[in-house]
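The block underneath contains the structure these notes are about, expressed in structure tokens.
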There are 4 protein chains.
Amino acid sequence: MGKTVNKSILLGHVGKDPEIHVLQADNTVANFTLATNDIYRDRMGESHETTEWHNLVAFGRTAEVVRDYVQKGSRIYVEGKLRTRSWDDRETGQKKYRTEIVILDLTLLSFNNGNENGADYSSENGNGARQVRRSNTQQHPGQDYAYSEQGGDPNEIPF
Amino acid sequence: MGKTVNKSILLGHVGKDPEIHVLQADNTVANFTLATNDIYRDRMGESHETTEWHNLVAFGRTAEVVRDYVQKGSRIYVEGKLRTRSWDDRETGQKKYRTEIVILDLTLLSFNNGNENGADYSSENGNGARQVRRSNTQQHPGQDYAYSEQGGDPNEIPF
Amino acid sequence: MGKTVNKSILLGHVGKDPEIHVLQADNTVANFTLATNDIYRDRMGESHETTEWHNLVAFGRTAEVVRDYVQKGSRIYVEGKLRTRSWDDRETGQKKYRTEIVILDLTLLSFNNGNENGADYSSENGNGARQVRRSNTQQHPGQDYAYSEQGGDPNEIPF
Amino acid sequence: MGKTVNKSILLGHVGKDPEIHVLQADNTVANFTLATNDIYRDRMGESHETTEWHNLVAFGRTAEVVRDYVQKGSRIYVEGKLRTRSWDDRETGQKKYRTEIVILDLTLLSFNNGNENGADYSSENGNGARQVRRSNTQQHPGQDYAYSEQGGDPNEIPF
DNA sequence: TTTT
DNA sequence: TTTT
């Protein structure tokens, strides 16, 4: 029940591997970008394509799913809300703004780098199951967290 | 038909009277801000309300509707797409960003300053009809345009 | 987190006063219809308007809000999910279907019978506050429930 | 610009190969069903999954895309509007209803039977390109139409 | 009738 | 800068 509505729906490809930060023991944050494409026709009737880049952020359980299953090239569906943060730039003293979509719902549409037709990953583990990243400490060596196995079958993918 | 989706749905109140610009004879642009509210509960269980401000932009026919019917305090429903523009700041040389929602569909939910229950405006023209702004030259004296009466009953409100 | 998406967004006017049923002590159900309009142009270029009627259903707390604030003519924004129920018709033995939108989010856009500009209701209580129906036993005499005052300021409207 | 909103967003799997009908030379119609899943927890805390079936219909150019690229098992994203048709049943004389989603926007999320990771089809044509159905006369032998090659590169997939 |  |  709300007086207002703030909802965004995006479907596109992830621009780079998510950055993961652990704020507190209990709160993971994931930041990444998502590309959507717009096709328009100019006055001469020629078709052009532009790419729009969106800043996405996820918290908590959703951030853990991002950490474990989303990477550069992944195709995802996202539902969220817009949020604009502002701060004073240290150097120039100017007000700066950054608009983000806070993810409230996430659907994975591809695995292994967004290549919807590749067959390479099944050969990696030889059993046909989806291989997931349960840690990415190499990419973010400063972090120290463990995937919570409790509360569900560890072999069950949570989406 | 598209490979990606870029859709935002907003319902809220307009922060101030739209700024109207006429780029060419044929292309009106309207810029304004929209507020949405978010209620969240902090760790102490106390309820807080934040306001999110969105930059909206409309073009063409939609901008004309904004010019004529939207004002500070109006409650509106908007469907659009996200667009982030960037430019180099003249003074500092820094890259700056501004994210906007380009309006693709607009529904007016209130008239006369968003007061959904006020009866004052009907007394202004004494006939119970909705009174609309067909020009706002006072607010934007530098502009010179006329509302196009052709293509429809001038008494018909186009939404 | 989900593998699929089932989401409907409707904004329109309520066709008749909601029917309220109390299944158990704890679970109120509200059923009503919502009209949306579609304007289309036929092959001759003439404009036509059709009305689409949607079956809406709300449960629990949301149903209580519907009971107390929604009536015939109310303009509302609704977000929900589609659900199709089927049963065998007693007389004919035929399979029958009914598709409903289960309300997940509700925003009231008007008060007093959807008349967004009326001033009559404020004269009813003489204090400018919105008057709400806290019971509708006349309309639904078979029911016996009371609006729960606990859990919040009884003068606070919950949306 | 509209007074009301009637919008549905679905992401799921296609239940069976679309039925294609050609009403006139110029108007193709495609009918098919789409499954979405809902997970809920009962009073005992046990998790259950239900499947919701949606009736989808596409017209014109969109129907041609459905005809050529959508099949049983395909995963798709759809945006559309709800429409309920009614008729009197010939046998019983009863009023019957059928609610459909009229597709306004369609995004294909998988190829070859929804297997997002399968590599089998690329071996069918040996060049790694997506293989599309440009006719389905076997399935609908009564029809006689040809995919329009004009208006674009015939090798370009239109979404 | 889909999918995980 | 809106609104309740």
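Just the heavy atoms: all of them, side chains too, but no hydrogens, waters or symmetry mates, feed the values below. Throughout, a chain's letter reflects where its sequence line sits, starting with A, and its residues are numbered from 1.
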Checklist entry - When you measure from every atom of DNA chain E, which of residues 46-53 of chain D have a heavy atom less than 4.0 Å away? => result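 Residues of residues 46-53 of chain D that come under 4.0 Å of DNA chain E are, in numerical order, D:Thr51, D:Trp53.
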Starting at [atom1] of [X] and ending at [atom2] of [N], how long is that distance when rounded to a whole Å?
X        : N     : atom1 : atom2 : result
B:Phe32  : F:dT2 : CZ    : P     : 15 Å
D:Leu34  : E:dT3 : CG    : P     : 12 Å
B:Asp38  : F:dT4 : CG    : C1'   : 15 Å
D:Leu108 : E:dT3 : CG    : P     : 15 Å
D:Leu11  : E:dT3 : CG    : P     : 15 Å
D:Lys16  : E:dT1 : NZ    : C1'   : 6 Å
D:Asn37  : E:dT3 : CG    : P     : 11 Å
C:Leu82  : E:dT2 : CG    : P     : 21 Å

Next on the checklist: Within the 3.5 Å criterion, strictly below it, is a donor on D:Ser110 or D:Ser74 matched to an acceptor on the partner's side chain?
Outcome noted: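 D:Ser110 vs D:Ser74: no donor-acceptor pair found between side chains.
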Checklist entry - Under the 3.5 angstrom rule, does the side chain of B:Asn31 hit a backbone N or O of B:Val57 as a donor-acceptor pair? => result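 No; zero donor-acceptor contacts below 3.5 Å.
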Checklist entry - B:Ala35 side chain: which of F:dT2, F:dT4, E:dT2 is closest? => result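 Nearest listed nucleotide: F:dT2.
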Item to check | Presence of salt bridge, A:Glu79 and A:Lys7, under 4.0 angstrom | outcome: yes
Checklist entry - With sequence neighbours excluded, what pairs up with B:Arg98 under the side-chain contact (heavy atoms from CB on, under 4.5 Å) test? => result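 Listed in chain order: B:Asn55, B:Arg85, B:Trp87, B:Glu100.
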Item to check | With C:Asn6, the side chain to side chain contact (heavy atoms under 4.5 Å, CB included) member among D:Leu11, D:Ile9, D:Leu10 | outcome: D:Leu10
Next on the checklist: Classify the ring geometry of C:Tyr77 against B:Tyr77: parallel below 30°, tilted from 30° to 60°, perpendicular beyond 60°.
Outcome noted: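 Rings of C:Tyr77 and B:Tyr77: tilted, 30 to 60°.
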